[in-house]
Enquirer: 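Below is the structure I would like to discuss, written out as structure tokens.
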Amino acid sequence: MSIKSDKWISKMAREHGMIEPFEDRQVREGAISYGVSSYGYDIRIADEFMIFTNVNSTIVDPKNFDERSLVHVKDDTCIIPPNSFALAKTVEYFRIPRSVLTVCVGKSTYARCGIIVNVTPFEPEWEGFVTLEVSNTTPLPAKIYANEGIAQVLFFESDEECETSYADKKGKYQKQKGLTLAKL
């Protein structure tokens, strides 16, 4: 298994639609950077957010998720309350090849502000907009900027294709279009 370079990422995006829309250079001016980088791709966060709230005193249960525990926001920025959490999605739509697995890590600009981004791996042949989990670990409100960089995706290609891909097992998050909540 090897990590893939900017040249491989650009080729896969152009020829196979692996990332759409695709930014073939790193955009930095006046924004938290996004686009292709040396060995990865910096993804952007879209302008739709779901912020956790305790207004309805619901319980967060991954087997029986209650949407009343979330407030929906559509804006150019999102304020995440202290010690709280928000869900969002990427601007980019991904189509992962059968021999590829990705790992996604938060950008240091946000991490240095106590904002942690969690994204599970994109499995071979997974397709869709990525649901992002953004935690504000600080005792202060935290501001997130839509349409700017939030995390970096690293691509690993195996020497052989997997026996069973995400598409083969008909994964429950396949081809997700919008913000997708926990499913059983």
Side-chain angles (χ1 to χ4, degrees), residues 19-20 32 34 40-96 100-156 162 164-184:
I19 305 169
E20 291 181 324
I32 298 172
Y34 60 91
Y41 190 86
D42 290 1
I43 56 177
R44 292 173 285 173
I45 192 166
D47 64 355
E48 297 175 55
F49 305 91
M50 291 183 187
I51 306 165
F52 278 79
T53 179
N54 63 1
V55 170
N56 294 312
S57 299
T58 59
I59 295 172
V60 177
D61 180 352
K63 290 186 174 186
N64 187 22
F65 199 90
D66 187 342
E67 274 202 63
R68 294 179 305 145
S69 62
L70 297 165
V71 173
H72 297 256
V73 174
K74 184 170 175 62
D75 203 344
D76 291 337
T77 61
C78 174
I79 304 298
I80 303 175
N83 302 306
S84 194
F85 182 84
L87 293 173
K89 72 171 192 155
T90 56
V91 168
E92 296 85 0
Y93 189 92
F94 286 84
R95 291 174 190 86
I96 304 303
V100 174
L101 175 73
T102 75
V103 173
C104 192
V105 293
K107 291 184 67 66
S108 62
T109 300
Y110 278 120
R112 293 166 196 240
C113 295
I115 300 164
I116 307 302
V117 179
N118 181 59
V119 180
T120 57
F122 312 168
E123 293 187 43
E125 291 192 324
W126 175 81
E127 178 180 329
F129 287 100
V130 180
T131 297
L132 304 164
E133 301 90 16
V134 184
S135 297
N136 175 6
T137 65
T138 75
L140 305 168
K143 192 173 198 176
I144 307 298
Y145 293 89
N147 299 303
E148 295 190 23
I150 190 74
Q152 184 177 75
V153 179
L154 304 174
F155 298 83
F156 296 91
C162 62
T164 307
S165 74
Y166 197 78
D168 293 340
K169 60 185 175 184
K170 297 179 179 26
K172 60 188 169 186
Y173 299 113
Q174 183 71 314
K175 296 185 180 180
Q176 57 193 19
K177 298 291 183 202
L179 274 169
T180 304
L181 301 175
K183 297 179 182 181
L184 185 59

Enquirer: Return the minimal non-hydrogen interatomic distance between Pro82 and Pro141, and the atom names on each side.
Expert: CG-N, 3.8 Å
Enquirer: Let me confirm one number: the OH-NZ distance from Tyr166 to Lys172, rounded to the nearest 0.5 Å.
Expert: 7.0 Å
Enquirer: Ignoring hydrogens and angles, tell me if any N or O in the side chain of Ser165 forms a donor-acceptor pair with the backbone of Asp168 under 3.5 Å.
Expert: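 At least one qualifying donor-acceptor pair exists.
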Enquirer: Any side-chain heavy atom of Cys78 within less than 4.5 Å of one from Ile51?
Expert: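 Yes - at least one pair of side-chain heavy atoms lies under 4.5 Å apart.
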Enquirer: Between Val153 and Val130, is any pair of side-chain heavy atoms under 4.5 Å apart?
Expert: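 No, side chains not in contact.
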Enquirer: So, do Tyr41 and Ile19 sit near enough that their side-chain heavy atoms are less than 4.5 Å apart?
Expert: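 The answer is yes; the side chains approach within 4.5 Å.
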Enquirer: Hey, does Glu148 have a side-chain heavy atom less than 4.5 Å from the side chain of Arg44?
Expert: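 With C-beta onward as the side chain, the pair stays apart.
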Enquirer: What is the distance from atom NZ of Lys89 to atom CD of Gln176, rounded to the nearest 0.5 Å?
Expert: 9.5 Å
Enquirer: Can you give me the closest heavy-atom contact between Cys113 and Thr109, atom names plus distance?
Expert: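 So the two residues come closest at SG-O, 3.5 Å.
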Enquirer: So, for Phe129 and Val91, which heavy atoms are closest and what is the spacing to 0.1 Å?
Expert: CE2-O, 3.3 Å
Enquirer: State, with a plain yes or no, whether a side-chain heavy atom of Gln174 is found less than 4.5 Å away from one of Trp126.
Expert: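 Yes, their side chains come closer than 4.5 Å.
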Enquirer: Could you go step by step and tell me if Asn136 and Thr138 meet the side chain to side chain donor-acceptor pair (under 3.5 Å) rule?
Expert: CA-CA 6 Å; Asn136 175 6; Thr138 75; 2.7 Å; yes
Enquirer: In the structure I gave you, are the side-chain heavy atoms of Ile43 and Phe94 within less than 4.5 Å of one another anywhere?
Expert: yes
Enquirer: Taking atom NZ of Lys177 as the centre, report whether more than 12 heavy atoms of other residues, nucleotides or ligands fall under 6.0 Å from it.
Expert: yes
Enquirer: Enter the distance from Cys104:SG to Asp42:CG here, rounded to the nearest 0.5 Å.
Expert: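 Between atom SG of Cys104 and atom CG of Asp42 there are 9.0 Å.
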Enquirer: Testing the basics here: between Phe49 and Ala146, what is the closest heavy-atom pair and its distance to 0.1 Å?
Expert: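 Taking Phe49 first and Ala146 second, the nearest heavy atoms are CZ-CB, 4.2 Å.
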Enquirer: Would you find more than 12 non-hydrogen atoms of other residues, nucleotides or ligands less than 6.0 Å from Lys175 atom NZ?
Expert: no
Enquirer: What's the spacing between Asn147 CG and Thr77 OG1 if we round to 0.5 Å?
Expert: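 Those atoms lie 11.5 Å apart.
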Enquirer: Kindly compute the distance separating OG1 (Thr90) from CD1 (Ile45), expressed to the nearest 0.5 Å.
Expert: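 Nearest 0.5 Å value for the OG1-CD1 distance: 9.5 Å.
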Enquirer: Locate the shortest heavy-atom distance separating Phe155 from Thr102; write the atom from each residue and the value.
Expert: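 Minimum heavy-atom separation between Phe155 and Thr102: CD2-CG2, 3.6 Å.
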Enquirer: Does a side-chain heavy-atom distance below 4.5 Å link Phe65 with Leu70?
Expert: yes
Enquirer: I need the minimum non-hydrogen distance between Lys63 and Leu184, along with the two atoms involved.
Expert: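 Distance-wise, the nearest heavy atoms are CG-CD1, 3.9 Å.
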Enquirer: Side-chain contact, heavy-atom cut-off 4.5 Å: Asp66 with Ile59?
Expert: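 Answer no - side chains too far apart.
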Enquirer: What's the spacing between Leu101 CG and Phe122 CZ if we round to 0.5 Å?
Expert: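 The CG atom of Leu101 sits 10.0 Å away from the CZ atom of Phe122.
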Enquirer: As a quick check of understanding, evaluate side chain to side chain contact (heavy atoms under 4.5 Å, CB included) for Phe52 and Val60, giving each step before the final call.
Expert: CA-CA 9 Å; Phe52 278 79; Val60 177; 3.7 Å; yes
Enquirer: Taking side chain to side chain contact (heavy atoms under 4.5 Å, CB included) as the criterion, tell me which of Ile150, Leu179, Leu87 meets it with Leu132.
Expert: Ile150
